[in-house]
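Scroll down for the structure; my scribbles are underneath it.
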Amino acid sequence: MVDLRQIEKDFDTVSSALERRGVEEKVLERLKVLFEEKKEVQKRLEASQAEQNRKSRLFGEYKKEGRDISQLQREVAENKERIAALNEELRLLETRLFEIAATIPNIPDPDVPDGEDEDDNVELERILEPTLFDFEPKEHWELAEINGWIDFERGVKIAKSRFSALRFEGARLERALINYMLDFNRKRGFEEVCLPFMANSESLFGTGQLPKFADDLFKIEGEDLYMIPTAEVPLTNLFRDEILKREDLPLKLTSYTPCFRKEAGSAGRDTRGMIRQHQFDKVELVSITTPDQSDTVFDEMVSCASDLLSSLGLPHRKVLLCAGDMGFSAAKTIDLEVWLPGQGKYREISSISNTRDFQARRTKIRYKEQKKNIPVHTLNGSSLAVGRTLIAIMENYQQKDGSILVPQVLREYL
RNA sequence: CGGGGGAUGGCUGAGUGGUCGAAAGCGGCGGUCUUGAAAACCGUUGAGGGUCACACCUCCCAGGGUUCGAAUCCCUGUCCCCCGGCCA
């Protein structure tokens, strides 16, 4: 959630930063005006309430002293109407303010490059050279077919398109990867957490999926519950509405969950294979930090995911997302893209974001700093998308006959 | 899902419709004592808004209602506990 006080105080900076994300200045103007109006109404309301409180207390005295209360009664009744009217006015302003503010994305960090989409992202570093083959490498769905690892048709039969089933070594490798990733993250200081796979609307508001992106969520009928689109939601919301102790920060958490996404608006993209599914496994990292720690922890999270890929022998690169390509809640995002020799392309396998205090204000996660409650910084990142890791292993470890070697570090997990 | 009981500050737990934002205890923080610590004693200790700082406003699960005035009375919802049903 944007900080309305910041808009009030530092309008030009905020509006030019948000312009990079396509937020028009007039929207912010409107917010600023509404915010000022609200404060004005609130002042008048509180004055009336103070008067009402004062006069109500007089009733007791008057009765004790046997004085006439009819005059007082009239005044109080009159004031009561005024309060009701002001209350209504305030409620209206707050609703409008909230509706606008809730749909404004986070302010990008100064070092985030300008740009509109993925073409404007900046490659930072390549790790490991792309795998070389003395034959034409196959795409993962061909390999899946040869080895019987992914059953696309039956997945569709059970649910619908963009669902699949893993079988044989594919199923076991998926589970091995989850365990390997969790262990890896734990050794890097992330506490393993086991979470609900559904979350209520308040949680989804907190991390920024609601109200704007309801179309991409699977909703449970008749319940205020959604299937989680990422473990970031339950992991961050663990501490919603809480005031944390400074010495407990940073909190560094990791969790495996399946993720559920409608993929509305991506019709026709990656329809072949397992790149884009309605349900996929992911091991997630979430950190909750003080503002001064968050850059350090961000780097730790990027390293963690990158080292994880390296340990699996998977070539990848780090990409700094431009302002236009970042997610709603992010102030800064680095994507890790893994090399897929079958496709001959780098594809996103991890996305690590610092949301600064954006989610913290929505979730009201704070910590005590010299008697003051300060919003924390929250960060999230994948380490890694399990299904895409499986694909990357298939394509990078394929042999000429279509069989697939298992990376060394995974062998003890099978 | 059916019947009964609850929801109060970090925790436990009082609370008569009228200075109750709320007793008490525990915990936390500060201090006295001590070489240091424990014990004991003293003080302090909810959140949000507002203000230079006060004042002031809001919050006793949530939302409505009764009343001049609600933690306290009424309605609705949510959650928790106990009994039963179902179930891994």
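A note on names: the letters A, B, ... follow the listed sequences, proteins ahead of strands, and every chain is numbered from 1.
- Across A:Arg154 and A:Asp151, no two heavy atoms sit closer than the pair NH1-OD2, 2.6 Å.
- Nearest heavy-atom pair across A:Lys138 and A:Leu143 is O-CD1, 3.8 Å.
- One P atom belongs to B:rU66, the other to B:rU16, and the distance between them is 24 Å to the nearest Å.
- Heavy atoms only, all atoms of each residue included: A:Leu414 and A:Ala176 are closest at CD2-CB, 4.0 Å.
- One P atom belongs to B:rA14, the other to B:rG25, and the distance between them is 15 Å to the nearest Å.
- Looking only at side-chain heavy atoms (C-beta outward), A:Glu263 and A:His278 come within less than 4.5 Å of each other.
- Separating the CD atom of A:Glu8 from the P atom of B:rG49 is a distance of 13 Å, rounded to the nearest angstrom.
- At a threshold of 4.0 angstrom between heavy atoms, the contacts of A:Gln42 are confined to the sugar-phosphate backbone, with no base atom among them.
- Between the CG atom of A:Leu86 and the C1' atom of B:rC57 there is a distance of 13 Å, given to the nearest Å.
- Sorted by residue number, the list of members of residues 28-38 of chain A with any non-hydrogen atom under 4.0 Å from RNA chain B is empty.
- As rounded to the nearest Å, B:rG3 and B:rU8 have P atoms that lie 25 Å from one another.
- The nearest pair of heavy atoms linking A:Gly402 to A:Asn147 is O-ND2, 2.9 Å.
- Spacing of P atoms, B:rG2 relative to B:rC59, comes out at 33 Å, to the nearest Å.
- At a threshold of 4.5 Å between non-hydrogen side-chain atoms, the residues A:Leu253 and A:Leu238 count as touching.
- A sub-4.0 Å separation between OP1 or OP2 of B:rG50 and a side-chain N or O of A:Arg5 is present.
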Show each protein N/O and nucleotides 70-78 of chain B N/O combination with a separation under 3.5 Å, one pair to a line.
none

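- For the 3.5 Å distance criterion, the side chains of A:Asn380 and A:Ser353 fail to qualify, holding no donor opposite an acceptor.
- The partner of B:rA71, taking Watson-Crick or G-U wobble pairs whose two distances both stay under 3.5 Å, does not exist in any strand shown.
- With sequence neighbours excluded, no residue forms a ring pair (Phe, Tyr, Trp, His ring centres under 6.0 Å) with A:Phe190.
- No close placement of the A:Trp149 and A:Phe168 rings is indicated, their centers lying 6.0 Å or farther apart.
- When both pairing distances are held under 3.5 Å, B:rA14 makes no Watson-Crick or G-U pair with any nucleotide shown.
- Rounding to whole angstrom units, CD of residue A:Glu242 and P of B:rG9 are separated by 14 Å.
- Using Watson-Crick or G-U wobble geometry with both donor-acceptor distances under 3.5 Å, B:rG50 finds no partner in any strand shown.
- In this structure, the CG atom of A:Leu97 is 14 Å from the P atom of B:rG49, given to the nearest Å.
- Atom CD in A:Gln49 sits roughly 13 Å away from atom C1' in B:rG50 (whole-Å rounding).
- Taking the six-membered ring where the residue is Trp, the centroids of A:Phe260 and A:Phe280 are separated by 6.0 Å or more.
- Counting to the nearest Å, the C1' atom of B:rG49 and the NZ atom of A:Lys364 are 13 Å from each other.
- Under the Watson-Crick or G-U wobble criterion, with both distances below 3.5 Å, B:rC79 is paired with B:rG6.
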Grab the N/O contacts between the protein and nucleotides 62-68 of chain B below 3.5 Å, and write none if there aren't any.
unit_1	atom_1	unit_2	atom_2	d
B:rC68	O2'	A:Ser56	OG	3.2

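- Residues satisfying the side chain to side chain donor-acceptor pair (under 3.5 Å) criterion with A:Glu51, sequence neighbours excluded, are A:Lys55.
- Atom C1' of nucleotide B:rC57 and atom CD of A:Glu51 are separated by 14 Å, given to the nearest angstrom.
- Across B:rG49 and B:rU12, the matching C1' atoms stand 30 Å from one another, rounded to whole Å.
- Remark: A:Asn53 is in phosphate contact with B:rC57, judged by side-chain N or O atoms under 4.0 Å from OP1 or OP2.
- In summary, the aromatic rings of A:Phe205 and A:Phe213 are positioned with their centroids too far apart to meet the 6.0 Å limit.
- Pairing for B:rG27 is with B:rU45, a Watson-Crick or G-U wobble pair whose two hydrogen-bonding atom distances lie under 3.5 Å.
- The distance between the ring centers of A:Tyr413 and A:Tyr180 falls below 6.0 angstrom.
- The two atoms that bring A:Tyr367 and A:Arg246 nearest to each other are CE1-NE, 3.9 Å, heavy atoms only.
- Between A:Ile150 and A:Arg167, the closest side-chain pair of non-hydrogen atoms is not below 4.5 Å.
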Quick test: give all pairs of protein nitrogen or oxygen and nucleotides 45-48 of chain B nitrogen or oxygen below 3.5 Å, distance rounded to 0.1 Å.
unit_1	atom_1	unit_2	atom_2	d
B:rA47	OP1	A:Lys368	NZ	2.5
B:rA47	O3'	A:Asn373	ND2	3.1
B:rG48	OP1	A:Asn373	ND2	2.6
B:rG48	OP2	A:Asn373	ND2	3.3

